[in-house]
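Take a look at the structure below.
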Amino acid sequence: MFKSKLDTRIQEARLDTLVQNLPSSLFSTVAVSLFLCYLVIDHVNRDYAMAWISAILILSALRIIHLYRVKNSDSPLLQHETPILLGIFLSGTLFGSSILIIFPYHDLPSQALSFFLLASMIAGAVAVYSTHALAFLLYSLPIILPFLYRASTLPDLLVLLALVGIVYYTVMTASLLRVNRSILESLKTQYLNHDLADHLSHAKEELEHSNEELKIENRVREETEKRLYQLANFDPLTGLANRHMFKEELKRSLRLSQEENTRMALLFLDLDNFKIINDTLGHAMGDKLLIAASSRLKSLLNTHSSIARLGGDEFVILVNHAYTDEEIASLATKVIALLEKPFSFNEHEMFIGTSIGISIYPKDAQDEQTLLSYADTAMYTAKSRGKNNYQFFTSQMHEEILERHDIETKLHYAVNNREFRIDYQPKIDINTKKTIGAEALLRWDQAELGSVSPAIFIPIAEESSLINEIGKWVIEQVCQDIAHLKHDFDNDLCISLNISSSQILHQNLPQLIAEQLKKNAITSASIELEFTENMLIKQSRKSQLVLQELEEMGIKLSIDDFGTGYSSLNYLKTLPIHTLKIDKSFITDTPDCDGDCAIAKSIISLAHNLDLEVIAEGVETIEQLEFLKRNGCSIIQGFYFSEPLDINAFSAYLNSPASKLEFLKLN
C-alpha cells in the first residue's frame, strides 16, 4: 500500500536522525570491539581474534563510505533505508559473534567484562536507535541472542547474570518503544503543526493573491464596462453620441417636453457631396472630414442641445426648449454657414455643404420614431431643392417621399421586367451632310407610373446604387443595337452612352465594355462614353486610371454639359478627353443672347485649340444651326434634325434621305 504523505515525511525524519547518529554508533562499536579484542586476546585463539576485529573494522569502513554517499546523494533518503539497516544488522551480528568466536572460557573476570560490554552496547543502542525501533532490533537481537546462549552454558552464577540480562534487555526494549512512540507522536504533531502553519501561510498568500486578482478584475471590469458603454453609446470615429444613445436622449427629451409643455426640435443633417469625396479621395480622407465637421458642429451646442452621428455622413441635432421656428431657422443657418467654409488637409482643400431637415414636437409628431422620420423626409426635400439649405417638415413632403420610395421600389424590378428602352438621337455632321452617330438615351415606361422622366429616376438610381445594374444593361443593349445597325447599314456610326461616377468607381467598366464588344463583334470606335463635367473635376486616382484604360482600348471620351462645371480646366490636359459637348443651356438663346453666344464661341475655340471635337446639343432652329456653322461647330444634335428615336425608327431615319433635306438649305 502507498504510504500517506505524512507517514512518508515521518519515516524520512526518523531515518535522517538515524543516519545522523550512525557515525557515533560506528565509532562506539569500533572502540568497544578493539577494547574487547585487547581484553581477551591472551585468553583466546589469536587468529580468531584478529580475523574478528578485522571484519569489524572492514564493515565499519564500508558503512562509513556508504553513509558519506547517502548524505551527498540527491535521491530520496528512503531509497537507502534497506542498505542502511543491513549494515546495522551486520554490525550487530559481528559484535554479537564475539560471544561465540572469542569468548574467554577460562577467565571468569574477562567473561563478566565481556557480558558487561555487550550489555553496555545494547544500552547505548537505545539512545542511538530510539527513532527507529526496527534498527534497534536488527542491532540488538544478534547481540543478545548469542549472549543468552552462552550464558545458559555457564555456571549457575553466570546463568543468573543471563536472567538479569534478559530482564535488562526487556526493560531497554520497552523503554525504547516508549521513547520511539513519543518521538513519532512528536514528529507527527510537529509536521501537522508545520503543515497547518504552511497551509495558513499559503492560504494567507492565496487570499492576498486573490484580493489582488480581485482588485485587478474589478479594475478590468470597470474599464471594460466603460469601454462597452463607450462603444454602445458613442461613435468611435467622432466621439459623438451614436444612434443608440441618441434614441435614449430623444425619449428623455420627449418626456421632459411633455412634462413641461415645451417645444422640441430635431435637425437631421446630411453632408452634401461627401460620398464623392469619400470615393475619390479615399475613406481615410473621408474620416478626417467627418471628424473636422463634427468638431465644428459641437462648437454650436449649448446646455439645451445635443448632437449625435447616426452613421455615415448623417448627423442629428436635438434642441430642447425650441420656443420659435425663427430660433431653429437661425441655428440651421449657422450650421450651413459653418460647414460651407473650406476644410483644409495638407494639400487638399475641400468644400462641402449640408442639407438639413427639421421636425418639431408637438406640431409635427409626438413620438420619437415619427419625429426622426419626418426630419429625414425634410432633409431629402432640402437635397432635392438644390442642397445646402434647410427645410421644415410639411405634410406635402411626406407624400413626395412616399412617391420617391415607390419609384425606387419599382426601379428594382424595371430591368428584369424589361421596362427600360433606349432611344437614339442622331448626331449630324453638317459639313459632310451625314449622320455620324447618335446619343443613347435611357427611357423608362412603367405600367403604373407611365413614362417616367430620366430627371426623376436617374438621381434615385444613383443614390440607391441601382445605377450600376441599369448602366450594365444599357451597355449590353446599346452594343446589341450597334451590331444590328452595322449589319443593316455599311457606315461607321459611333453611339455615345452616359456613364455615372459610380460605374467608374464600383464597376469594372473596361472589362464590361471589352466583353460586349467581343460578344457583338463590333470595334471600340463604335462606342463613345459621355461624362459630366462635375463628375470629372472630382476624379480620383482610380477613376483617372479607368479613363486611361478606356482610352487605350480605343474608346472616345466626351465631356457632356461642358461649361456648367465650377472648377478649373486642368482636367482637359490631364485626362484623355476627345470631345467637348456644349450644354443646351448655352444654345437655347443663341444667336439673340450675346452672353450665350460668347460662351458658345469660347467653347468652340477652346476645343479647336486643344485639337478636340466639339458637339452642340439642343439645336432646334435654323438660326441656331447657322450660328454654330459660322463659328466652326459642325456636329449637331437636337430636335432640328430629329427627336430621340427607338431603334426601329432610328434605322428608318438612317435609311431616309428626307431627314437630310432641311440642313441642305445651308449650302
Side-chain angles (χ1 to χ4, degrees), residues 18-19 21-70 82-129 134-170 172-173 176:
L18 176 64
V19 169
N21 293 334
L22 282 179
S24 61
S25 173
L26 286 170
F27 176 76
S28 299
T29 299
V30 170
V32 172
S33 297
L34 289 172
F35 178 71
L36 180 60
C37 183
Y38 171 75
L39 182 67
V40 300
I41 196 167
D42 293 331
H43 306 287
V44 298
N45 187 302
R46 181 176 291 273
D47 292 336
Y48 287 171
M50 293 306 296
W52 178 81
I53 193 63
S54 297
I56 291 287
L57 294 176
I58 291 171
L59 178 62
S60 298
L62 292 175
R63 288 184 65 197
I64 287 294
I65 294 172
H66 178 252
L67 285 175
Y68 176 80
R69 290 180 176 178
V70 168
T82 299
I84 290 172
L85 293 177
L86 178 62
I88 292 171
F89 173 73
L90 292 175
S91 290
T93 301
L94 280 177
F95 193 80
S97 67
S98 63
I99 298 297
L100 303 175
I101 298 174
I102 57 171
F103 187 75
Y105 291 99
H106 306 294
D107 187 351
L108 183 61
S110 296
Q111 293 176 7
L113 187 56
S114 295
F115 285 135
F116 175 76
L117 291 175
L118 292 173
S120 65
M121 290 299 293
I122 292 174
V126 172
V128 174
Y129 303 121
L134 179 60
F136 172 76
L137 293 175
L138 291 174
Y139 182 77
S140 61
L141 284 175
I143 296 176
I144 195 64
L145 291 176
F147 170 84
L148 294 176
Y149 168 76
R150 181 59 65 193
S152 65
T153 62
L154 296 177
D156 294 342
L157 180 61
L158 291 181
V159 171
L160 181 61
L161 181 62
L163 294 175
V164 172
I166 292 173
V167 174
Y168 174 77
Y169 180 75
T170 302
M172 290 294 101
T173 302
L176 178 134

Nearest heavy-atom pair of G96 and P146: which atoms, and what distance?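 G96 and P146 have their closest heavy atoms at O-CB, 3.5 Å.
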A49 to C37 - nearest heavy-atom pair and separation: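 Heavy-atom minimum between the residues: O-SG, 3.9 Å.
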How many angstroms lie between atom [atom1] of [X] and atom [atom2] of [Y], to the nearest 0.5 angstrom?
| X | Y | atom1 | atom2 | value |
| --- | --- | --- | --- | --- |
| L57 | T29 | CG | OG1 | 11.0 Å |
| T93 | I88 | OG1 | CD1 | 11.5 Å |
| I102 | H43 | CD1 | NE2 | 11.5 Å |
| F89 | L134 | CZ | CG | 11.0 Å |

Residue that, paired with S91, satisfies side-chain contact (heavy atoms from CB on, under 4.5 Å) out of L138, I143, L86, L59: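 The passing option is L59.
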Could you verify whether a donor N or O on one side chain and an acceptor N or O on the other, from W52 and S98, lie under 3.5 Å apart?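 No, S98 and W52 have no side-chain donor paired with an acceptor closer than 3.5 Å.
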So do L67 and L26 actually touch side chain to side chain, heavy atoms under 4.5 Å?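 Counting from C-beta outward, L26 and L67 do come under 4.5 Å.
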